[in-house]
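Shown next, in structure tokens, is the structure this report addresses.
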Amino acid sequence: MKKFEKLTSTGIPLPLENIDTDQIIPARFLKATNREGFGDNLFRDWRYTKGEQLNPEFVLNQNKYKGEILIAGKNFGCGSSREHAAWAIADYGFRVVVSSFFADIFKNNALNNGLLPVQVSQEFLNKLLQAVSKNPESKLTVDLETQKITLEETGEKEGFEINHYKKYCLINGYDDIDFLLSKKEAIEVFEKKKDEFLKAKTEAV
Amino acid sequence: MQAKTLFDKIWDQHVVESVENGPDIVYIDRHFIHEVTTPQAFNGLRQRGIPVARPKQTIATADHNVPTKDQHLPIREALSRTQVETLTKNCADFGIELYGLGHPYQGIVHVIGPELGITQPGMTIVCGDSHTSTHGAFGSIAFGIGTSEVEQVLATQCILQAKPKKMKIEINGELKEGVTSKDIILYVISKISTSGGTGHFVEFCGSAIQSLSMEARMTICNMSIEMGARGGLIAPDEITFEYIRNKEFAPKGEGFDQMMKYWKSLATDEEAVFDKEYQFDANDIEPMITYGTNPGMGTKIVQPVPEMPFAEDERANFSKALNYMGLHAGESLEGHPVDYVFIGSCTNSRIEDLRQAADLIRGRKKSDKVEAWIVPGSKQVEEQARKEGLDKIFEAAGFEIRQPGCSACLGMNEDKIPAGKYCVSTSNRNFEGRQGPGARTMLASPLTAMAAALTGKIVDVRNLLSNN
């Protein structure tokens, strides 16, 4: 997994609420058997018009907005468990998604792919959206070590939460499977214990 | 001993180890897989050169991407065919049982698990699909996971997961005629919103829940993800045990009686504390339908589309949703024309759903203005419907019965609703484009969907029941 320590970048504002995984990547684009290339269809039905032309009103199609940070409205990533949503966002070139609230499965999927979900207060989110919309050159810094996000032009910051273990994995580029594979023995011991537990529960008078 | 919720009891019993300041290593009893969210996970195993740790605890089927016509022929669409063939190869290479196309057990993954008796109380169950929450109806912890997590489970039979908070949703009282479990869950989500359950695992309880059949309970737990919850569960009882008894892979004879001793102990202690609690009265619930682009945007059919919200940030989202749906604030929904009706999906495609639908249309005719698809949840549901002669009732009324699969719930195959058309659907998501680019989905119960198919418009099904 790609390491994440600190990032300073401009951001792209998408101030809609409840952006679901069907918007991030529609189901008809889930037919691939590898992880690459999903960025081409990120927000497909918003990025393109019905006639398959680029929609000039959509923020990703506006040249003034660039950057590796997506700033979106609350309850980002609700809906399906498709990890393709996280793959599409990362494949497009984002490294951070900022929102005031994330859906659970999306958050896990993002963290498992080195894409950092940064949850901030609604107030701070509004501030970031405003700043970036007004001045697309505004830079944000996301520091995972100190768990702070800063709006550079004003120096305003806010802290964000992240599970200690996940932070360790991201900073070091470790993935969960390596960790779980190292627990092989504990898992086998657990299986024996579980069998005994069920035996006791089912044979009791 | 500290009082525990049912969720705590099952979770704690499955923790192999807790990572310091981190998630738990949770042991998984049953793992369901399908063609769409697993190819990359098997690729991962191959790259690491490792086998599936416990192949007998994983069960596969092809459902998301399969055609619902001519399933005996090769799949025409090349990418879909490759994905289904990849699943077949992966299952053969790694020693996993596959109920693929043509197999008498094939069907939607959340329909076949319960009907085969693979889903049982007290288990931990995962699948790379958010509607895995369905299996919670049996008093198990079941939740959807991403592909990296599918790979974790294949590799180690465990998953790293932070323990969610606990929520109780209690619904007491008797349901009115024409009101189904789908109306209960659409009502609850309309009250607590599409993110009201996020971070929580929900226990549904109360007399209205206890009175429901297993299939009706599955519909409720199925849609717990639509309020953002990690999953939903219902304590097992006699209705649960009778459903499981004699199912293909359930314990038999003395083994069943022994397991029942354990299953009966699976309940929340009286003093147990939840992080959040809600109470609803079944008497307040009426036939529901959605008018917007998330499942929280639902209303009683007899009520109009809500008025524009006051808060400015809510107005933009509300307007965008109504604009997509071609509806106006304050507009009456009753009488609104309907173009398509879809009865299917892991929410409502089981035999009881088909029986309810058939009962309503017996001796009636489908409206010429509506195209209607009935997609049974599994080969076994399809077979049972034929045995009961339901297929004859549907055909006589002008309905088309398809072959099992996820179909128009997510439109991965050819079953798509055209842009701008209204579809009353028994599925679980009314997101923009969910049933096809530009499609306008209105979620409802099988009864309400059938009423729309008969009349060509949105109607309160109770008006048809009284003339039945």
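All chains are named by letter (A, B, ...) in the order of the sequence lines, taking the proteins before the strands, and each is independently numbered beginning at 1. Quick note: numbers below take in every heavy atom, side chains included, and nothing from hydrogens, waters or symmetry partners.
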- Note on the structure: Nearest heavy-atom approach of B/S130 to A/S80 is OG-CA, 3.7 Å

- Query: Which of the residues A/L30, A/L181, A/T33 is involved in the greatest number of heavy-atom pairs with chain B at under 4.5 angstrom?
  - Reply: A/T33

- Item | A/I19 CD1 to B/F431 CZ distance, which is reported to the nearest 0.5 Å | 11.5 Å

- Query: Between A/A32, A/P15, A/G73, which residue shows the highest count of heavy-atom pairs closer than 4.5 Å to chain B?
  - Reply: A/A32

- Item | Toward chain A, the part of B/V15 with a non-hydrogen atom under 4.5 Å | backbone

- Task: Please flag which part of B/P23 lies under 4.5 Å from any non-hydrogen atom of chain A: side chain, backbone, both or neither.
- Result: both

- Item | Which portion of B/R429 sits near chain A, non-hydrogen atoms under 4.5 angstrom | side chain

- dist A/D22:CG -> B/Q435:CD (nearest 0.5 Å) comes out at 10.5 Å

- Note on the structure: Within residues 49-59 of chain A, the residues sitting under 4.5 Å from chain B by heavy atom, in sequence order, are none

- Query: How long is the gap from NZ on B/K264 to NZ on A/K201, to the nearest 0.5 Å?
  - Reply: 14.5 Å

- Query: Where on B/E151 is there a heavy atom nearer than 4.5 Å to chain A: the side chain, the backbone, both, or neither?
  - Reply: both

- Task: Could you look at B/H131 and say if it's the side chain, the backbone, both or neither that has a heavy atom under 4.5 Å from chain A?
- Result: neither

- Note on the structure: Bottom line for B/E35: the part with an atom under 4.5 Å from chain A's heavy atoms is neither

- Can you tell me if B/Q40 uses its side chain to pair, donor with acceptor, with the backbone of A/N34 under 3.5 Å? yes

- Query: Can you tell me if A/T202 uses its side chain to pair, donor with acceptor, with the backbone of B/Q258 under 3.5 Å?
  - Reply: no

- Segment of B/S80 engaging chain A (4.5 angstrom heavy-atom cut-off): both

- Of the backbone (N, CA, C, O) and the side chain (C-beta and beyond), which part of A/E17 lies under 4.5 Å from a heavy atom of chain B, both, or neither? both

- Item | Inter-residue atom distance A/Y165.OH - B/D24.CG, 0.5 Å rounding | 12.0 Å

- Heavy-atom distance under 4.5 Å to chain A: side chain of B/E314, backbone, both or neither? neither

- Part of B/N21 lying under 4.5 Å from any heavy atom of chain A: both

- Item | For chain B, the option from A/D45, A/T21, A/N18, A/N113 that forms the most heavy-atom pairs under 4.5 Å | A/N18

- Task: Name the region of B/I225, side chain, backbone, both or neither, that has any atom closer than 4.5 Å to a heavy atom of chain A.
- Result: side chain

- Note, B/E77 side chain near A/K31 side chain (heavy atom, < 4.5 Å): yes

- Rounded to the nearest 0.5 Å, the CG atom of A/L180 sits from the CD atom of B/Q152 at a distance of 5.0 Å

- Message: With a strict 4.5 Å heavy-atom criterion, list every residue of residues 117-127 of chain A that contacts chain B, or say none.
- Response: none

- Item | Backbone of B/T147 reached by a side-chain donor or acceptor of A/E83 within 3.5 Å | yes

- So what's closer than 4.5 Å to chain A heavy atoms on B/A316: side chain, backbone, both or neither? neither

- Item | Between A/R44, A/H84, A/K167, the one whose heavy-atom pairs under 4.5 Å with chain B are most numerous | A/H84

- Could you look at A/N75 and say if it's the side chain, the backbone, both or neither that has a heavy atom under 4.5 Å from chain B? side chain

- residues 94-109 of chain A vs chain B, non-hydrogen distance cutoff under 4.5 Å, contacting residues -> A/F101, A/F102, A/A103, A/D104, A/I105, A/N108, A/N109

- Carboxylate-amine/guanidinium contact B/E414 A/R28, below 4.0 Å: no

- Note on the structure: So, the part of B/D29 with a heavy atom under 4.5 Å from chain A: the answer is side chain

- Message: Just so I know, are the side chains of A/F179 and B/L160 near enough to count as touching, which here means a heavy-atom distance under 4.5 Å?
- Response: yes

- Message: Sub-4.5 Å heavy-atom contacts with chain B: which residues of residues 183-198 of chain A show up?
- Response: A/K183, A/A186, A/I187, A/E188, A/F190, A/E191, A/K194, A/F197, A/L198

- Could you walk me through whether A/D178 and B/R48 pass salt bridge (Lys or Arg N to Asp or Glu O under 4.0 Å), step by step? CA-CA 10 Å; A/D178 294 330; B/R48 289 171 202 265; 2.8 Å; yes

- Message: Once rounded to the nearest 0.5 Å, what's the spacing between atom CG of A/D20 and atom OG1 of B/T293?
- Response: 8.0 Å

- Task: Look only at the side chain of A/K166 and the backbone of B/G22, and say whether a donor-acceptor pair between them is shorter than 3.5 Å.
- Result: no

- Query: Which region of B/V19, side chain (C-beta onward) or backbone (N, CA, C, O), has a non-hydrogen atom less than 4.5 Å from a non-hydrogen atom of chain A, or is it both or neither?
  - Reply: side chain

